[in-house]
Amino acid sequence: MLRSIRERFARERPFDGLRVGVCLHVTTETASLVRTLIAGGAQVALCAANPLDTQDDVAAALVERDSAAVHAIHGEDMATYYRHIEAVLDTRPQLTMDDGADLVSTLHASRPQALGDILGGTEETTSGVVRLRALEAAGQLGFPVVAVNDARTKRLFDNRYGTGQSALDGILRATNMLLAGRVVVVFGYGWCGQGIALRAKGAGAHVVVCEVDPVRALEAKLEGYEVLPGVAAAAKGDIFITATGNRDVVRREHFEAMRDGAVLCNAGHFDVECDLAALRELAVERQQVRPHVEQHVLADGRRINLLAEGRVVNLAAAEGNPAAVMDMSFANQALAAEHLVKTAGTLDARVHGVPPEIDDEVARLTLAALDVEIDALTEKQREYLTAWEQGT
Amino acid sequence: MTALSSTTDFKVADLSLADFGRKEIRLAEHEMPGLMSIREEFAARQPLKGARIMGSLHMTIQTAVLIETLVALGAEVRWVSCNIFSTQDHAAAAVAVGPDGTPEDPRGVPVFAWKGETLEEYWWCTEQALTWPGEDGPNMILDDGGDATLLVHKGTEFEAAGAVPDDAPGDSEEYGVILALLRKTLAEDPQKWTKVGQGIKGVTEETTTGVHRLYEMMDAGTLLFPAINVNDSVTKSKFDNLYGCRHSLVDGINRATDVMIGGKVAVICGFGDVGKGCAESLRGQGARVIVTEIDPICALQAAMQGYEVKTLEDVIDEGDIFVTTTGNKDIITADHMARMKHQAIVGNIGHFDNEIDIAGLAKVPGIERINIKPQVDEWKFADGHTIIMLSEGRLLNLGNATGHPSFVMSNSFSNQTIAQIELFTKNDEYERKVYVLPKHLDEKVARLHLDALGVRLTKLTPEQAAYIGVPVEGPYKPDHYRY
């Protein structure tokens with residue numbers, strides 16, 4: 001799908017000469033998106049959205065073949081990570097593309113004078129949208145942002161089916177555990193949590209869901225999952241996965257209840273979902289037992305295995321979401337960026353949804369790629385749906 | 001049961017239901033491609049000509065198609081249901097009237113069955129079906145659960161002893177009824193069952209429970225005639241028990257209670273073929289399923305499929321729905337039920353009603369039984385909490401719904417028909433033992449059902465067949481293969 005958009009962009013050049021600052025996980029799928037923007041005439045500077053997510057070969061290829069300015073190294077420290085963000089901002093982008101809103105928040109914090117140059121931005125993920133809405137609520141958001149995450153063709157697919165599959169992939173690659181017969185505890189039953197629970201159940205695990213939202217909790221319950229408070233689940237689980245977008249979801253009281261050999265990981269965007277400081281405090285010994293598996297030995301001998309330092313496990317320990325769903329997400333990114341350019345100057349400095357036409361277009365293109373045909377409403381049906389006079 | 005027609009040699013609830021029954025039989029025939037193609041294949045040869053088959057098997061629409069298949073192959077047939085609640089009265093009426101008769105002029109098969117028999121009526125029916133008019137008795141039994149076989153064996157045993165034993169304190173109510181019946185027949189004809197037993201060439205047995213009885217008799221040396229264990233045909237137990245229950249368990253629970261299954265905690269006792277189907281059935285509706293098992297292999301299977309495996313004691317106050325599938329007795333006791341949640345649903349899908357202790361329940365001090373509708377009772381304990389009992393602990397898929405669907409029963413009954421032909425036509429090849437059908441017949445039954453589902457089978461090349469050492473046309477698996 002991105003390829004077909006790229007071909008159109010190459011003809012229409014919607015970004016001709018435009019400077020675009022991109023802060024996304026540096027993976028092959030992101031490379032496709034960057035090449036699509038370049039095909040549309042953009043000058044792209046790219047940095048990573050997470051210190052552990054960069055695929056170095058992809059970064060190199062983007063520099064060599066596509067003349068993108070890339071600032072990203074797998075395993076970079078936090079200082080380097082932020083230096084790379086600053087390097088992208090140094091190019092004075094006119095359009096931003098974010099995953100987690102680090103680029104936009106750094107911009108607002110350190111270069112308020114540059115806000116006026118910016119046409120708009122796009123945001124990829126739930127956690128970033130939450131930050132941007134907070135910025136908007138504080139009256140400080142300096143330009144319009146399109147929340148790509150909120151497109152139906154993004155979160156229903158990328159978050160649910162993409163993260164559902166890839167988070168388990170990360171756990172399997174890191175631990176080589178058998179899921180069948182295990183108790184998998186999923187914290188958060190949003191789109192990501194639903195996907196993880198679904199795939200874990202499919203692999204034969206007994207799934208327990210922990211929630212704070214009563215509607216989500218009820219959904220999980222009627223789907224047939226066991227719903228428990230976190231501490232009760234902690235005593236029961238073999239594998240714990242956080243997918244909440246919130247902080248300190250798994251903390252001291254949970255670690256204290258966990259069984260020997262528990263595996264702990266995070267599928268949410270930031271590494272704040274597990275209280276790692278508390279875990280380190282409880283541990284009398286820590287050792288790296290496999291790549292991406294750090295074992296914490298507690299005073300009574302129980303071992304808790306933390307995966308990927310509590311960072312997003314699908315990207316850190318596996319390859320992130322599969323290309324097929326990222327294609328949908330990034331098609332939204334590309335089309336949302338085009339939308340921002342076309343509507344330049346007319347949108348308020350707020351967080352906007354993806355226009356429904358773009359959402360529908362992405363779904364239509366994906367269906368075509370999958371060789372799926374669907375029906376269309378008849379004229380009479382269309383009329384019926386819009387007429388208030390017609391009832392039974 | 002005042003409306004019973006009993007003027008001629010049959011007894012059903014209401015002959016006027018025959019027309020409805022005939023319509024449903026016609027629909028079922030389309031869904032039973034195995035039985036119908038067997039009819040076609042053997043109609044000209046009449047392999048069951050001379051066979052006098054007494055059948056004791058749930059008198060449902062599907063069974064009607066089986067009965068008429070046996071008749072089409074030349075057999076004379078008399079029939080009873082093998083459970084007091086499992087008869088579909090329109091099916092019984094249609095069979096009694098027959099395809100060519102009318103309610104005023106019934107010309108079908110003598111059938112003695114109605115929904116809601118008493119235990120006395122049930123065993124009276126079994127006796128009637130085993131009692132052929134004229135000199136000859138039945139020469140074949142088609143059994144489900146082994147009740148007909150049991151009556152012949154017990155009758156023969158007591159006639160040899162010259163007396164029927166007195167009721168013993170530990171006996172079930174039902175055994176008391178059997179003993180009373182045998183006392184009566186011993187007085188009327190001291191050789192009745194001995195003669196019946198001598199006339200019988202063999203029995204084909206439908207279900208796990210009946211098969212278990214047969215192997216016990218074989219081991220004890222008391223088996224009077226050869227038996228074919230139809231239950232352990234792959235196309236029976238791996239289909240009927242599994243996919244049949246997967247379909248009919250939730251059907252029974254829904255029709256009985258209309259309770260929302262999603263979100264409930266369901267406890268399945270036993271994870272054999274039936275338990276596996278039941279667990280999948282409830283999980284598919286969104287229930288969280290917990291399994292209880294005594295067999296470590298089945299318990300591990302359940303765990304690997306993501307079910308929790310607990311003891312019943314662990315979860316007795318947690319379950320919303322309890323289903324027994326074990327083929328064993330005393331699984332859910334009155335004490336268990338006293339500790340269940342308010343309005344917990346309790347039911348059994350195993351063959352006999354001894355998995356749940358109904359007699360014990362009735363004896364709990366202060367208990368009250370509130371009938372909600374046929375086959376659904378609320379039992380109220382002295383503390384005010386209640387449980388909902390389905391079909392009085394008898395198999396709820398037949399008691400509360402219509403049992404297994406036609407398609408799956410076509411597999412089971414194709415095996416039955418083939419087994420009847422086999423035992424009747426090659427009787428001298430069989431000793432007084434229990435046999436299973438050879439694998440090529442099992443594969444044939446499966447083959448007969450593929451077209452109806454649009455299944456396209458891949459064919460082995462001769463080179464491939466040689467490579468794995470099987471004939472191109474099968475059988476494809478060794479006898480010990482578990483599927």
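Residue numbering restarts at 1 for every chain, and letters A, B, ... go by the order of the sequence lines. What's counted below: heavy atoms across the whole structure, side chains too, no hydrogens, waters or symmetry copies.
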**OP:** Using distance alone, with no hydrogens and no angle criterion, decide if B:T386 and B:Q343 have a side-chain donor and acceptor under 3.5 Å apart.
**Re:** no

**OP:** Could you tell me whether A:R216 sits above the aromatic face of A:W191, with NZ or CZ closer than 6.0 angstrom to the six-membered ring centre and within 45 degrees of the axis?
**Re:** yes

Subject >> Portion of A:E226 that has a non-hydrogen atom of chain B nearer than 4.5 angstrom >> reply: both

**OP:** Can you tell which part of B:V309 gets under 4.5 Å to a heavy atom of chain A, answering side chain, backbone, both or neither?
**Re:** neither

**OP:** Decide whether B:H336 and B:E313 meet the rule of one side-chain donor and one side-chain acceptor closer than 3.5 Å.
**Re:** yes

Original post:
Side chain, backbone, both or neither: which part of A:L178 has a heavy atom under 4.5 Å from chain B?
Top reply: side chain

**OP:** Calculate, to the nearest 0.5 Å, the distance between atoms CG and CZ belonging to A:L279 and A:R252 respectively.
**Re:** 10.5 Å

Subject >> Residue, of A:K221, A:K201, A:H206, that accumulates the most heavy atom pairs under 4.5 Å with chain B >> reply: A:H206

